[in-house]
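The next block holds one structure in the form of structure tokens; read it before the comments.
Numbers restart at 1 for each chain; the letters A, B, ... are given by sequence-line order, proteins then strands. Both backbone and side-chain heavy atoms feed into the values below; hydrogens, waters and symmetry mates do not. Owing to the predicted nature of the structure, the values given are computational and were not obtained by experimental measurement.
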2 protein chains.
Amino acid sequence: MRAMTDRPVPPPAGSGGAAEQTGVGGAAGARPTEPGGAEPATARGEQTRQLILDTAMRLFRERGYAQTTMRAVAKEAGVAVGNAYYYFSSKEHLIQEFYAETGVEHRARAASVLARETALAPRLRGVLHAGIDTVGPSHEFAAMFFKTAAEPTSPLSPFSAESSPTREASIALFRETLFGSTAKVDPELRDELPELLWLAYLGVVLYWVHDRSPDQAKTRALIDGVVPLIDKLIGLSRLRVLRPVTRDVLGLIRTLRQ
Amino acid sequence: MRAMTDRPVPPPAGSGGAAEQTGVGGAAGARPTEPGGAEPATARGEQTRQLILDTAMRLFRERGYAQTTMRAVAKEAGVAVGNAYYYFSSKEHLIQEFYAETGVEHRARAASVLARETALAPRLRGVLHAGIDTVGPSHEFAAMFFKTAAEPTSPLSPFSAESSPTREASIALFRETLFGSTAKVDPELRDELPELLWLAYLGVVLYWVHDRSPDQAKTRALIDGVVPLIDKLIGLSRLRVLRPVTRDVLGLIRTLRQ
DNA sequence: CTGCGAAGTTGAACGTGTTCGACATCGCGG
DNA sequence: CCGCGATGTCGAACACGTTCAACTTCGCAG
């Protein structure tokens, strides 16, 4: 772990030799289509990519994100540092996979609740709890994830184009939560609501990240307390007296969406 | 900017010599009370600290946060890198000062509105707009500020103990906004509301950070759209029918506060 | 079989934030 | 006026994320 920057010789002229390498030639400047973070084109590539990803995930969980070095990931996976960057353009991009995996597991956990319940409130409550159940084990290291997520320019931001597939899948889950329920929703609200519910879910996760209570009990309390409110609010939105307000809110939301 | 890591000699045995240094002795292990980021004890110290801070702020605004090197700050200020770390324990801590300065200016800008208006809605609206006015010129570099602010463990988090003075001052501003108004508020809500308004302000800033519209027009729209809603909601909270709901919400909030 | 280009792999080098042990300066009691 | 401890200052050294040009491996067209 020492003497990594101590090197009297300016350019060592050749490359080192670790794994068996005996050939000679080859074209020099050949770069893959996407510079960094490319999908592998061969079976071997896919294997290496998965190996690096699994190793990284394991170390992240074992030591935490900040304590896990790219060098450690590479060493543990038995590859060179540069190789990791061939498949993942940055350390943060390794987390993107975690993000996606989390989404898949969230939907799997939510499925049983959605099959069982028909009323909106218990469905929503179940889906939100399923979300916390899913990310639960990764509480400490998820903080890092949300830190970069808060940065607007980051590709990891939940609002970024790069996160679009994961985001859309998550919104679709809330769409099913709503549309599969017996709840009667104002037609004007109907199309916007899934995204709003997803936004509320983001809020819950944001709270969860800051939640230091044992077993994240407070986040559970937040869900249990907020779901009835949302449920009531959705019901109220159909009242004739509140129509103007509903319309105002919807107009504002449409303006704000970027 | 090159050859910073090229150094054949392992340990140069002595320190370098830049500014006039001619003496000899002195105790070796003397460390200040707080390891990194200590308040200066002498006038000279205060001067150096301010110099470093001003230089850093200038460079942050000129080149942006990420593009501003600690080495650049030190060089521009005419001091050594280590000297900067004597007064500020990290690069991020330099932003803490920006945070505090922003709070002071926010209150100054808000004062005129608070002196003029008596109804809650225009007061709140004015204070929120004043906040965006204050932070407006730093839009790009404020993103970085909010990125670290989202991390729960960061001392820069608005919820952290280290941010307590700035946070309390900000909450006090919203207390004045509310209590100085003619609005009649549910007594139970009265004590909690300033903090809730501050929370709403955080939400506005969070939106602002992501707001890429020219002159942050959408954030302005958000404020103008949300203030009447908050105003109405506060008024409604006094209705007898809604008392149970109000009480539920307050109970939830008290539970969630950490 | 041969060679050639694409895909995959390597590790030294770079730039950056941060640490640390040595040194400098200053005020003050003796 | 001397020395001594607290405060301030220095910059090389360190660890880490990231880049890059060289090199290897592999599949396949000829």
Side-chain angles (χ1 to χ4, degrees), chain A residues 1-7 9-33 35-36 38-49 66-74 78-92, chain B residues 1-7 9-33 35-36 38-49 66-74 78-92:
Chain A
M1 277 291 180
R2 284 295 177 85
M4 187 111 331
T5 45
D6 298 337
R7 42 201 146 69
V9 275
S15 80
E20 48 284 347
Q21 298 182 353
T22 37
V24 192
R31 209 68 54 69
T33 328
E39 292 298 302
T42 72
R44 179 164 67 110
E46 180 57 43
Q47 208 171 344
T48 306
R49 188 192 138 94
Q67 281 67 43
T68 302
T69 303
M70 278 292 127
R71 287 171 177 83
V73 172
V79 299
V81 224
N83 203 2
Y85 281 93
Y86 181 77
Y87 293 105
F88 304 94
S89 48
S90 76
K91 190 183 178 185
E92 291 184 352
Chain B
M1 277 294 177
R2 283 295 177 85
M4 187 111 333
T5 45
D6 297 338
R7 42 201 148 65
V9 276
S15 80
E20 48 286 346
Q21 298 183 353
T22 37
V24 193
R31 210 69 53 71
T33 328
E39 291 299 302
T42 72
R44 178 164 68 110
E46 179 57 43
Q47 208 172 343
T48 307
R49 187 192 139 93
Q67 281 66 43
T68 303
T69 303
M70 279 293 129
R71 287 172 177 81
V73 172
V79 300
V81 222
N83 201 199
Y85 280 93
Y86 181 76
Y87 294 106
F88 304 94
S89 47
S90 75
K91 189 183 179 186
E92 291 185 351

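- Atom CE of Met70(B) and atom P of dA15(D) are 21 Å apart (whole Å).
- By the 6.0 Å contact criterion, CD on Gln47(B) is open, its count of non-hydrogen atoms from other residues, nucleotides or ligands being 12 or less.
- Residue Thr69(A) places at least one side-chain N or O under 4.0 Å from the OP1 or OP2 atom of dC16(D).
- dT25(C) atom C1' lies 12 Å from atom OH of Tyr86(B), rounded to whole Å.
- Atom P of nucleotide dT7(D) and atom CG of Asn83(B) are separated by 15 Å, given to the nearest angstrom.
- Val79(A) comes within contact range of the sugar-phosphate backbone alone, with a heavy-atom separation under 4.0 Å but no base atom that close.
- Residue-level contact check: Gly45(B) touches the backbone only, with heavy atoms under 4.0 Å from sugar-phosphate atoms and none from bases.
- When the P atom of dC16(D) is taken as reference, atom NZ of Lys91(B) falls 19 Å away, rounded to whole Å.
- Scanning all heavy atoms of the two residues, the minimum distance from Met70(A) to Tyr85(A) falls at CG-OH, 3.4 Å.
- For the pair Glu46(B) and Gly82(B), both in contact range of DNA chain D, the more 5′-proximal nearest nucleotide belongs to Glu46(B).
- For Ser90(B), whose side chain is taken as the heavy atoms from C-beta onward, the closest listed nucleotide among dT18(C), dT18(D), dG11(C) is dT18(C).
- Nucleotide dT7(D) holds its P atom 18 Å from the CD atom of Gln47(B), rounded to whole Å.
- The two residues Lys91(B) and Thr68(B) have their closest heavy-atom pair at NZ-O, 2.9 Å.
- If you measure from atom OH of Tyr85(B) to atom C1' of dG8(D), you get 18 Å, rounded to the nearest angstrom.
- Between the OH atom of Tyr87(B) and the P atom of dT19(C) there is a distance of 17 Å, given to the nearest Å.
- One atom, CZ of Arg44(B), and another, P of dC26(C), lie 6 Å apart when rounded to the nearest Å.
- The side chain of Thr42(A) contributes no N or O atom lying less than 4.0 Å from OP1 or OP2 of dG27(D).
- No donor-acceptor pair closer than 3.5 Å links the side chain of Thr69(B) to the backbone N or O of Ala72(B).
- Donor-acceptor pairing under 3.5 Å, judged by distance alone, is absent between the side chain of Arg71(B) and the base of dG15(C).
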